[in-house]
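As structure tokens, the structure follows; a few thoughts come after it.
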Amino acid sequence: MAIERTFSILKPDATRRNLTGAVNAAIEEAGLRIVAQRRVRMTREQAETFYGVHRERPFFGELVESMIAAPVVVQVLEGENAIARYREVMGATNPANAADGTIRKRFALSVGENTVHGSDAPETAQVEIAQFFSGNDIVG
Ligand code: CMP
């Protein structure tokens with residue numbers, strides 16, 4: 001199986017409730033390695049660029065506001081099939097539909113405040129990682 005990297009964000013609802021360690025434990029217990037990590041306050045421009053694909057969606061404004069309301073933790077995760085594996089570990093976008101034991105089932109408050117983000121495909125992972133990390137920041 002292929003060793004991949006994916007991009008992860010622990011969202012403001014996670015940092016606000018001091019859940020960084022709990023979410024990181026779930027990530028590591030799932031066999032993913034945190035190979036880069038930084039706590040940042042996203043700017044409006046960063047959030048708008050990051051979620052640019054959703055610009056026309058009715059929830060775009062709310063999404064951007066929620067992402068800049070408190071610090072986030074941006075990460076690069078590495079492991080076998082890391083992109084799909086992390087999506088499995090996160091659970092469905094809407095916590096109401098998330099499977100038992102997933103991060104979103106355990107911690108998310110709503111579809112907007114859903115605790116974590118993970119890339120959905122290799123191309124997106126590459127773009128998202130590059131928005132926050134350069135080569136030297138990532139130590140596998
Ligand atoms: P994420 O995986 O970060 O990708 C886009 C985000 O948009 C998603 O998680 C949700 O937090 C958010 N989102 C998706 N659908 C809705 C919705 N109907 N209302 C509010 N936020 C949403």
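Order of appearance sets the numbers: ligands from 1, and atoms from 1 within every ligand. Keep in mind it's a predicted model, so treat the numbers as computed, not measured.
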According to a 4.5 Å side-chain heavy-atom criterion applied to Ile, Leu, Val, Met, Phe, Trp and Tyr, with indirect links allowed, do V73 and V23 form part of one hydrophobic cluster? yes
In terms of heavy-atom contacts, does CZ of R33 have more than 12 from other residues, nucleotides or ligands at under 6.0 Å? no
Taking only heavy atoms of H117, which atoms of ligand 1 are found under 4.0 Å from at least one of them? 1 (P), 2 (O), 3 (O), 4 (O)
Answer yes or no: does atom CD of Q126 have more than 12 heavy-atom neighbours from other residues, nucleotides or ligands under 6.0 Å? no
When distances are taken from atom 13 (N) of ligand 1, the protein heavy atom at minimum range is F59 CE1, 3.6 Å
Per-atom contacts, ligand 1 versus L63 - under 4.0 Å to a heavy atom: 6 (C), 7 (O), 12 (C)
Closest to atom 11 (O) of ligand 1 among protein heavy atoms sits V111 O, 2.7 Å
Within the structure, is a non-hydrogen atom of K11 found at a distance of less than 4.0 Å from ligand 1? yes
For ligand 1, is there an N or O atom under 3.5 Å from any N or O atom of T93? no
Going by the order shown, which atoms of ligand 1 are within less than 4.0 Å of some heavy atom of H54? 5 (C)
Does ligand 1 have any atom that is closer than 4.0 Å to a heavy atom of R104? yes
Within a 6.0 Å radius of atom CZ on R44, are there more than 12 heavy atoms belonging to other residues, nucleotides or ligands? no
Report whether F7 and M67 are members of the same hydrophobic cluster (ILVMFWY, side-chain heavy atoms less than 4.5 Å apart, transitive linking). yes
Joint hydrophobic cluster, V40 plus V76, side-chain heavy atoms closer than 4.5 Å: yes
I'd like to know if F59 and F50 are part of one continuous hydrophobic network [Ile/Leu/Val/Met/Phe/Trp/Tyr, side-chain heavy atoms within less than 4.5 Å]. yes
Under 4.0 Å to a heavy atom of Y51 - the qualifying atoms of ligand 1, by number: 1 (P), 3 (O), 4 (O), 5 (C)
Quick one: which of A92, S66, G112 has a heavy atom closest to atom 21 (N) of ligand 1? G112
